[in-house]
Amino acid sequence: MNCLFCRIIAGEIPSNKVYEDERVLAFRDISPQAPTHILIIPKEHYDSVLEAPADTVAYMVDIAKKLAVQEGVDKNGFRLVINTGDEGGQSVKHLHLHLIGGRSMQWPPG
Ligand code: 5GP
Ligand code: ZN
């Protein structure tokens with residue numbers, strides 16, 4: 001298995017888990033861009049959002065909303081990001097949803 005996030009799911013690489021169920025795993029980003037920076041990933045491998053069924057993506061968003069409340073960033077606001085492909089800045093080719101919050105953010109991003 002050469003997918004980094006599949007290896008995290010398998011427990012071969014440690015992660016700072018914040019949520020897990022039969023469908024998804026959520027853990028803190030190793031290089032946080034904000035006080036809250038969590039990655040929500042499906043346990044089934046999809047290279048990107050392009051390959052994933054809509055219900056999987058919807059489920060990931062639903063979990064992200066719950067984690068936003070749990071992290072206390074729901075009131076002030078947060079960002080959900082799915083980087084896709086090279087120009088989209090996707091560095092890990094296993095679908096992941098970034099939950100980023102806890103500081104003011106600018107739009108558009110760099
Ligand atoms: P991408 O750029 O593909 O949208 O996001 C990949 C994210 O995965 C980056 O924010 C990066 O910091 C994070 N990341 C890369 N390797 C690891 C790791 O081994 N553990 C954790 N927790 N995060 C990682
Ligand atoms: Zn994978």
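Order of appearance sets the numbers: ligands from 1, and atoms from 1 within every ligand.
Not a single heavy atom of Lys93 lies less than 4.0 angstrom from ligand 1. Val92 counts as a contact of ligand 1, since one of its heavy atoms falls under 4.0 Å from the ligand.
Residue contact check: Ser91 has heavy atoms under 4.0 Å from atoms 1 (P), 2 (O), 3 (O), 5 (O), 6 (C) of ligand 1. For ligand 1, the atoms sitting less than 4.0 Å from at least one non-hydrogen atom of Gly89 are 1 (P), 2 (O), 4 (O), numbered in the order shown with element in parentheses. Of all the atoms in ligand 1, the ones that sit under 4.0 Å from a non-hydrogen atom of Phe5 are 8 (O). Near Phe27, meaning under 4.0 Å from one of its heavy atoms, ligand 1 places the atoms 21 (C), 22 (N). Counting atoms of ligand 1 from 1 in the listed order, those under 4.0 Å from a heavy atom of Ser31 are 12 (O).
In this structure, the separation between CG on Asn83 and CD on Gln90 is 7.5 Å, given to the nearest 0.5 Å. In this structure, Thr84 OG1 and Leu95 CG are separated by 7.5 Å, a value rounded to the nearest 0.5 Å. For the atom pair CD1 of Ile82 and CE of Met60, the computed distance is 5.5 Å after rounding to the nearest 0.5 Å. The SG atom of Cys3 sits 7.5 Å away from atom CD1 of Ile41, with the distance rounded to the nearest 0.5 Å. Within the model, atoms CZ of Arg7 and CD1 of Ile13 stand 4.0 Å from one another, a figure rounded to the nearest 0.5 Å. The NE2 atom of His94 sits 10.5 Å away from the CG atom of Leu39 when rounded to the nearest 0.5 Å.
Scanning all protein heavy atoms for the shortest distance to atom 14 (N) of ligand 1 gives Ile30 CG2, 3.8 Å. Closest to atom 22 (N) of ligand 1 among all protein heavy atoms lies Arg28 O, 2.9 Å. The shortest contact between atom 5 (O) of ligand 1 and any protein heavy atom is with His96 NE2, 3.0 Å.
Looking at Leu4 against ligand 1, only its side chain comes within 4.0 Å, counting heavy atoms. With a heavy-atom cut-off of 4.0 Å, Leu39 touches ligand 1 through its side chain alone.
Inter-residue side-chain proximity for Asp21 and Ile63 is flagged as met; some heavy-atom pair is nearer than 4.5 Å.
Partners of Ser48 according to the side chain to side chain donor-acceptor pair (under 3.5 Å) rule, which considers only residues two or more places apart in sequence or in another chain, are Glu51.
Aromatic ring centroids of Phe5 and His96 lie under 6.0 Å apart.
Considering every non-hydrogen atom in both His37 and His98, the closest pair reads NE2-ND1, 2.8 Å.
In terms of N/O distances under 3.5 Å, ligand 1 is approached by Asp29. Not a single N or O atom of Gln90, backbone or side chain, sits closer than 3.5 Å to an N or O atom of ligand 1.
Taking distances strictly below 2.8 Å, the protein N/O/S atoms close to the Zn ion (ligand 2) are Cys3 SG, Cys6 SG, His45 ND1, His94 ND1.
Between Lys66 and Glu71 no salt bridge is recorded (no basic side-chain N to carboxylate O distance below 4.0 Å). Ionic pairing of Asp62 and Arg23 is not present here: no N-O contact between side-chain nitrogen and carboxylate oxygen is shorter than 4.0 angstrom.
With respect to Leu67, the side-chain contact (heavy atoms from CB on, under 4.5 Å) criterion is satisfied by exactly one of Val73, Val18, Thr36, Asp74: Val18.
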